[in-house]
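To start, the structure itself, in structure tokens.
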Amino acid sequence: MYRAGSFVAQHITPVSEDQVQPNGVDLTLDAILEQVESGRIGREGKTIGERRALDVSDPVTETYHLEPGGYVLQYAETVHIPEGHVGYIYPRSSLMRNSCMLNTAVWDAGYEGKGEGLLQVHHPIELERGARVAQIVLAEATHDDTYDGSYQGERTE
Ligand SMILES: O=c1ccn([C@H]2C[C@H](O)[C@@H](COP(=O)(O)OP(=O)(O)OP(=O)(O)O)O2)c(=O)[nH]1
């Protein structure tokens, strides 16, 4: 069962009232990166290739002008996935209606950090830093251990 947005909001920092939706919480855009080097997924281990942070095209409004392509989008909020739950990301529908998509992997129980998503741009779009671009939902889930991988605590210092 998916939890209500008010429950999800208890696990997102910082969060404001306008981010809380009936079934989840909107996440905002912190930064957009472009991958410039190949990564590797091996039978054992993995390497993340170098990604370079894009400069905003308009520094006054902090707006990115994006051409079609694939980008890594970093969310601004710290997310904690509580025990007994699993998280998924959906794009904000207005992003999708503008021919763009945000992909999700699994957000594991016990994970805490500022995560990332794959942003697919199928038509040029402008995105402002701090704009709501995604929605995170939490579903109740059984699990064995809790998350203890390499991304635990990412970008939280
Ligand atoms: O779209 C997503 C999905 C997940 N995560 C975060 C939460 C998740 O718990 C963590 C690790 O994901 P995963 O377990 O898939 O990472 P991995 O590639 O298996 O690496 P590791 O074994 O180091 O965890 O990354 C994101 O930032 N974005």
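Predicted, not measured: the structure shown is a model, and the values here were computed from it. This chain uses plain numbering: 1 for the first residue, then up along the sequence. Order of listing sets the numbers, starting from 1, for every ligand and every atom in it.
Formation of a donor-acceptor pair under 3.5 Å by the Q152 side chain with backbone atoms of E112 is found in this model.
In this structure, atom 24 (O) of ligand 1 is in close contact with the protein, since a protein heavy atom lies within 4.0 Å of it.
Counting non-hydrogen atoms of other residues, nucleotides and ligands closer than 6.0 Å to CD of E37 gives a total above 12.
Considering only non-hydrogen protein atoms, atom 15 (O) of ligand 1 sits nearest to V106 O, 4.4 Å. Ranking protein heavy atoms by distance to atom 3 (C) of ligand 1, first place goes to W107 NE1, 3.1 Å. In terms of protein heavy-atom proximity, atom 11 (C) of ligand 1 is nearest to Y147 OH, 3.4 Å.
In terms of polar-atom proximity, defined here as any N/O pair under 3.5 Å, E116 does make such a contact with ligand 1. Geometrically, ligand 1 and Y151 share no nitrogen or oxygen pair separated by less than 3.5 Å.
Within ligand 1, counting atoms from 1 as listed, the ones closer than 4.0 Å to a heavy atom of A105 are 1 (O), 2 (C), 3 (C). Interface of T104 with ligand 1, defined as ligand atoms under 4.0 Å from a residue heavy atom, comprises 1 (O). Per-residue contacts place K46 under 4.0 angstrom from the following atoms of ligand 1 (heavy atoms of the residue considered): 20 (O), 21 (P), 22 (O), 23 (O).
Here K114 does not pair with D30 in a salt bridge; the nearest charged N to carboxylate O distance is not below 4.0 Å.
The distance from the CD1 atom of I136 to the NE2 atom of H11 is 11.0 Å, given to the nearest 0.5 Å.
Taking the side chain as every heavy atom from C-beta outward, I12 and L27 approach each other to under 4.5 Å. With a 4.5 Å cut-off on side-chain heavy atoms, V86 and I81 do not count as touching.
Taking a 4.0 Å cut-off on heavy atoms, Q152 fails to register as neighbouring ligand 1. Ligand 1 lies nowhere less than 4.0 angstrom from a heavy atom belonging to I89.
Side-chain contact annotation: Q135 with Q19, donor-acceptor N/O pair under 3.5 Å absent.
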**Item:** Criterion side chain to side chain contact (heavy atoms under 4.5 Å, CB included) on F7 and H85, from CA distance to verdict
**Value:** CA-CA 11 Å; F7 175 85; H85 292 82; 3.6 Å; yes

